[in-house]
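A short worksheet on the structure shown next.
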Amino acid sequence: MELATKYDPTVVEDKWYKYWTDHRMFHSEPDNRPAYTIVIPPPNVTGVLHMGHMLNNTIQDVLIRRARMTGFNAVWVPGTDHASIATEAKVVNMLKEKGIDKKDLTRDEFLKYAWEWKEKHGGIILKQLRKLGASCDWDRTKFTMDADLSEAVIDIFVDLYNKGKIYRGVRMVNWDPKALTAVSDEEVVYKELQSKLYYVRYQIEGEPGEYITIATTRPETILGDTAICMHPDDERYAKYKGKRAIVPLVNRSIPLIYDEYVEREFGTGALKITPAHDINDYNLGIKHHLETINIFNDNGTLSESAQFLVGMDRFEARKAIIPLLEEAGSMVKIEDYVNKVGFSERTNEVIEPKLSLQWFCKMGELAKPALDAVMNNDIKFYPDKFKNTYAHWMENVKDWCISRQLWWGHRIPAFYLPNHEFVVAHNVDEAFNIAQQKYPELNLTKEDLKQDEDVMDTWFSSWLWPLSVFDGIRNPENPEIKYYYPTSALITAPDIIFFWVARMIMAGLEWRGTIPFKDVYFTGTVRDKLHRKMSKSLGNSPDPIMLMEKYGADGVRFGMLLSSPAGNDLLFDESLCEQGRNFSNKMWNAFRLVMGWDVDANGEQPIHTKVAVEWMNQRINEVLADAEEDFKRYRLSEALMALYKLVWDDFCSCFLEVVKPPYQKPMDGKTYNDILDIFEKLTKVLHPFMPFITEELWHALRERQEGESLMLCEMPKPENVNRELLDRFAVTRNVIEQIRRVRSEKNIANKNALKLHVHADAAMANAEMDAVIAKLANVELVEYVGEQGEVNGASFIEQNVKYSIPLEGLINAEEEIKKLQADLKYAEGFLQGVLKKLSNERFVNNAPQNVVDIERKKQADAEEKIRIIKEQLSKLQ
RNA sequence: GGGAGCUUAGCUCAGUUGGUUUAGAGCAUCUGCCUUACAAGCAGAGGGUCACUAGUUCGAAUCUAGUAGUUCCCACCA
């Protein structure tokens, strides 16, 4: 068979993904094995795959595949999130393009469009994940608005309400005037903006010519001012105590109040108070019993109560009010100023603090046990520095605004009665019964009950995810939740530690009494080479699908993982994928080499081959043991690097070169079989990282039955490592390297065989190792000439044994002397350092015995080495 | 304003409780090779006062304090 010199992943990857899914190999059912569970952080149903998903899901797949191969019943539950704000915004836009305004639709009509749109465009991302090789149990795919998951959300709302942990109240919330909904504190991002600070003067009532000047960044809110506040100890303003001021333009009389909240140094030390439009002003308003005037409509335009500029957008109004204030003689000056402004994470609209009636969830009691679970390491964070962040937030947790003024989501199960009371119930029937019992005098009919128009925050369903995907809320005794929960690991980004991670922990403890996962692995942010966050607007994010087409999914997985230790940002560079692709190609070519050999079943196994096979197996053992340790600590990049070197340096560059039969000669059957065993082992250990090419090779190496798969094989276990053999082989490789260096320096082509003199007693000879040297360095004769044997050529010292390569005529004595002198200088310097330590009495007395012994050994070795070099020098000079 | 982390080779990072040859890896670089698996390759080489300063110690990349730079989180003073 003729195989291409380059590995082509495209056909191979589709073939094996189909094979795996056709045989339902990702599917899991509870059985007697221990469970290993991961629930996917559900991406937005309307989302498309970006580099962050690639990293996150590659890690999950590696963990799941490894668990599957190490005796666990592994399940990876996929699914999507309904993402209220983002999805509703997309649907609204889609309708707008069709000429339909959301305002003209009923709730049901809108939801019909939304569902249609979700069915059509939703879940693309899950299809894209298949391309990556994600071994999700697709039969278990969930959506946060599936009937069963929705029911769980309602159950939880009712339960919390009945426990007194959900309440309704007027609060200052972060209003998104574009999405027309409140958003939680966590959904507000602050950015620094270049803006202006306006100084405006207010006349003191009854004192013509007397003014107080305030400084503000939002002059349009002057129209809603209901007080001016100064510091009680500020002497500049003491004389105005008890007086009132006149708001410019609207000519409203407002009180002057005094509160320590005011910074005397800022601006003029006088602060205008607009309780309806600033959280701090609101708090002062409550404290000082101030009037509240809301001058904005929900969409951010000025309302009738503003009296001026009615109907104008808030930013237009900010400009338009300047000339009005100037005309009125109230504008004192305008300065440049940098301040921070809150933006809605979803719509990038400037947040408007707004008073409104919202639903809140009390967090205090929920947070306490969830904080403990992380602090006492029931749940482990990787890296653990995030414990700090977590603790700080949990200790200062504020109540959670859970209502959103949207239609797409879980509707709040509160039903209002004609008497303005409400009942919370699972459905209208239950609500009706409760209401009838509570208010028999109302003679209610079901039609009198009006359900709350709002939906819940998306995270109010996400926080149940590990429970609800196994139906653990509605049906807590079902075998699935008992088997798969708590999940094993959560792989997520640190920016949703509060939104999601913290709340899942609360939910798990509240409704199941146990933590939802044991380990949390925080991935870093994917950035470009210039350390910039990857974003659509910068256009610096490569298209993952294109990348996979170019380098293969295995190549991209390799690239993502190789440079992303837990929690560290990933500076993504296509060259990493290139390295991954090259690695695939390397394995492919190793396979081509092995396939090309003729086998003589009766052939004798050469001694260098025998020892190489033993050594290679030991190396695999050693790396397996290290990898196990790396996995325990979630150091995936280190595990992968170790395997990369194992395959490339040990297997390809060394092992295969040793066992390679002479040109056009067959290989003995024993060796061939050993090689296949080793190759197969390597496909196993690499499979979690690079599932496609390893599956392809595993099938190609030996006959397989339909339905067999590498992904279902058992991972080789590290056995006892033969340290002695590994060390001996390492020395052998060093000797080979030295010979090759001599070749390189003397320009001796590899095809010209060399002789090697070992300046030691023949009794020290190791025929196997010498045969390996002979093979890899093209040495025709290894001769033990005794310690005093003549040197006539290039020499080197390895482990205090001198080696020389006879090279009549090719040796420049001066060069040799120079090199030896350099070696000597190094050895002497080294010895000096050691002697300095050993001559220090305090070191010898205080350091542990083994450390002192090591230093003595170093001394002896160095002295021996110096002796050999000097001897050699004396012969040359 | 408060807190946390980071700073080791050109780049990205390892370096476990201070001691295992005067610090390791991958990539990049340089040199020589189209050697019959692979030039997406082979062989070899160079490259670091471990940010700076002071301290603790027989001994510091590792511990302590300070300085500088950098990243992130929290708060949101108009």
Side-chain angles (χ1 to χ4, degrees), chain A residues 3 5-7 188 190 197 214-218 221 229 261-263 265-268 270-274 278-281 337 339-342 383 385-389 392-393 396 494-495 497-498 525 529 531 555 562-565 567-571 573 575-576 578-579 581-597 629 633 635 637-638 641-642 644-645 652-653 656-657 660 663-664 737 740-745 747 749-751 778 826-827 829-834 837 840-848 850-852 854-855 857-859 861-862 865:
Chain A
L3 293 169
T5 60
K6 306 264 188 284
Y7 169 67
V188 181
Y190 288 87
L197 192 57
I214 58 89
T216 180
T217 53
R218 301 197 57 190
T221 61
C229 187
Y261 166 77
V262 177
E263 291 278 334
E265 289 72 32
F266 188 91
T268 61
L271 172 66
K272 72 181 209 60
I273 306 294
T274 325
D278 184 282
I279 179 67
N280 300 299
D281 291 13
Y337 185 67
N339 69 336
K340 284 190 175 176
V341 179
K385 65 177 176 184
F386 288 112
K387 275 170 82 172
N388 290 325
T389 318
H392 185 260
W393 191 77
N396 299 287
D495 52 344
I497 188 168
F498 310 131
T525 311
K529 269 193 285 189
H531 295 234
L562 196 61
S563 66
S564 64
N568 274 22
D569 283 354
L570 168 73
L571 300 184
D573 185 343
S575 69
L576 290 166
E578 207 179 313
Q579 201 183 340
R581 179 201 57 186
N582 294 354
F583 186 42
S584 298
N585 201 44
K586 186 72 184 174
M587 283 189 279
W588 177 249
N589 277 294
F591 167 72
R592 284 179 60 222
L593 174 68
V594 172
M595 286 299 111
W597 285 328
E629 201 49 42
R633 299 164 67 187
R635 295 157 63 127
S637 58
E638 301 213 355
M641 178 53 78
Y644 173 77
K645 285 194 277 191
C652 294
S653 297
L656 288 179
E657 293 298 334
K660 201 184 248 181
Y663 186 47
Q664 290 192 331
E737 225 170 78
R740 286 171 171 172
R741 209 197 65 226
V742 171
R743 275 186 189 280
S744 180
E745 278 170 8
N747 254 318
N750 198 43
K751 58 187 170 205
N778 193 16
Y826 180 91
F830 175 72
L831 177 63
Q832 229 166 29
V834 175
K837 267 192 189 175
N840 183 338
E841 255 179 63
R842 284 187 295 180
F843 170 73
V844 178
N845 294 336
N846 292 326
N850 68 317
V851 175
V852 178
I854 287 163
E855 290 303 314
K857 171 90 167 51
K858 283 194 215 167
Q859 180 193 355
D861 286 353
K865 189 166 187 181

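Computed over heavy atoms, backbone and side chain alike; hydrogens, waters and symmetry mates excluded. This is a predicted model, so every value here is computed, not measured. In what follows, chains are A, B, ... by sequence order, proteins preceding strands, each numbered from 1.
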Non-hydrogen side-chain atoms of A:K272 and A:T221 separated by less than 4.5 Å: yes
Heavy atoms from other residues, nucleotides or ligands near NZ of A:K858 exceed 12 (cutoff 6.0 Å): yes
Nucleotide forming a Watson-Crick or wobble pair with B:A60, both distances under 3.5 Å: none
Separation between the P atoms of B:U21 and B:U67, rounded to whole Å: 37 Å
Phosphate OP1/OP2 of B:G15: any A:R635 side-chain N/O under 4.0 Å: yes
A:S744 side chain, from C-beta outward: closest of B:A14, B:G44, B:U22: B:G44
Whole-angstrom distance between B:U64 and B:U22, as gauged at atom P: 25 Å
Contact under 4.0 Å: A:H392 side-chain N or O vs B:A75 OP1/OP2: no
Nucleotide of B:C58, B:A37, B:A14 approaching A:E638 most closely (side-chain heavy atoms): B:A14
Interatomic distance, A:E745 CD vs B:G46 C1' [rounded to whole Å]: 13 Å
Nucleotide B:C6, atom P - distance to CG of A:N388 in whole Å: 11 Å
Separation between the C1' atoms of B:G46 and B:U53, rounded to whole Å: 32 Å
4.5 Å side-chain heavy-atom contact, A:F591 and A:L3: yes
C1' gap between B:C6 and B:A45, integer Å: 33 Å
Given B:U22, B:C42, B:U12, the nucleotide with the shortest approach to the side chain of A:K858: B:U22
A:F830, nearest nucleotide to its side chain (from B:U22, B:A78, B:A45): B:U22
Sugar-phosphate, base or nothing in reach of A:C652, heavy atoms under 4.0 Å: base
Minimum-distance nucleotide (side-chain atoms of A:T217 versus B:G32, B:G44, B:A78): B:A78
Chi angles and distances behind the side-chain hydrogen bond (donor to acceptor under 3.5 Å, both in side chains) call for A:N589, A:R592: CA-CA 5 Å; A:N589 277 294; A:R592 284 179 60 222; 2.5 Å; yes
Short N-O contact, A:R741 and A:E745, less than 4.0 angstrom: yes
Polar pair under 3.5 Å, donor/acceptor by atom type, side chain A:E657, base B:A37: yes
d(CD1, A:I497; C1', B:C73) in whole Å: 10 Å
Expected output: side-chain A:D573 to main-chain A:K529 donor-acceptor under 3.5 Å: no
B:G26 and B:C73, which share atom name P, separated by this distance in whole Å: 34 Å
Separation between the C1' atoms of B:A60 and B:G18, rounded to whole Å: 6 Å
Distance, rounded to the nearest Å, where A:F583 contributes CZ and B:G41 contributes C1': 15 Å
Sugar-phosphate only, base, or nothing, as touched by A:G596 at under 4.0 Å among non-hydrogen atoms: nothing
More than 12 heavy atoms from other groups under 6.0 Å of CD on A:Q832: no
Donor-acceptor contact below 3.5 Å, side chain A:D278 vs main chain A:T274: no
Minimum-distance nucleotide to A:R581 side chain [options: B:A40, B:C74, B:G15]: B:A40
Residue-phosphate contact under 4.0 Å: A:K660 side-chain N/O, B:C42 OP1/OP2: no
For B:U53, the Watson-Crick or wobble counterpart (both distances under 3.5 Å): B:A65
Charged N-O contact under 4.0 Å between A:K660 and A:E657: yes
Interatomic distance where NZ belongs to A:K529 and P belongs to B:C11 [whole Å]: 13 Å
Sugar-phosphate, base or nothing in reach of A:E737, heavy atoms under 4.0 Å: sugar-phosphate
A:Y826 and A:F830 aromatic ring geometry - parallel, tilted or perpendicular at 30°/60° bounds: parallel
Gap in Å between the two C1' atoms, one belonging to B:C27 and one to B:A14, rounded: 15 Å
G-U wobble or Watson-Crick pairing nucleotide for B:G41 (cut-off 3.5 Å, both distances): B:C33
Sugar-phosphate only, base, or nothing, as touched by A:V262 at under 4.0 Å among non-hydrogen atoms: base
Parallel, tilted or perpendicular, as decided by the 30° and 60° cut-offs, for the rings of A:W393 and A:F498: parallel
Sugar-phosphate only, base, or nothing, as touched by A:K6 at under 4.0 Å among non-hydrogen atoms: base
Length of the line joining A:R743:CZ and B:G32:P, which is rounded to integer Å: 18 Å
Watson-Crick or G-U wobble mate for B:A4, both contacts under 3.5 Å: B:U71
Contact nearer the 5' end of RNA chain B, comparing A:T5 with A:R218: A:T5
A:E855 CD to B:G59 P, straight-line distance once rounded to whole Å: 14 Å
Side-chain N,O (A:N568) to OP1/OP2 (B:C6) below 4.0 Å: no
Any-strand Watson-Crick or G-U partner of B:A28, both distances under 3.5 Å: none
Candidates B:C58, B:A37, B:A40 - which lies nearest the side chain of A:N585: B:A40
Sugar-phosphate only, base, or nothing, as touched by A:L571 at under 4.0 Å among non-hydrogen atoms: sugar-phosphate
Nearest listed nucleotide, side chain of A:K340, among B:G44, B:A75, B:C38: B:A75
Counter-base of B:G18, judged by Watson-Crick or G-U geometry with both distances under 3.5 Å: none
Sugar-phosphate, base or nothing in reach of A:P494, heavy atoms under 4.0 Å: nothing
Sugar-phosphate only, base, or nothing, as touched by A:S653 at under 4.0 Å among non-hydrogen atoms: sugar-phosphate
Rounded C1' spacing from B:C52 to B:G69 in Å: 10 Å
Phosphate OP1/OP2 of B:G41 contacted by A:N582 side-chain N/O (<4.0 Å): yes
Residue met sooner reading RNA chain B from 5', once A:D861 and A:R842 are mapped to nucleotides: A:D861
Nucleotides 23-30 of chain B: protein proximity per nucleotide (B base, S sugar-phosphate only, - neither; heavy atom, under 4.0 Å): --SSS---
Side chain proximity check, A:N339 to A:L197, heavy atoms < 4.5 angstrom: no
Distance, rounded to the nearest Å, where A:F386 contributes CZ and B:C74 contributes C1': 14 Å
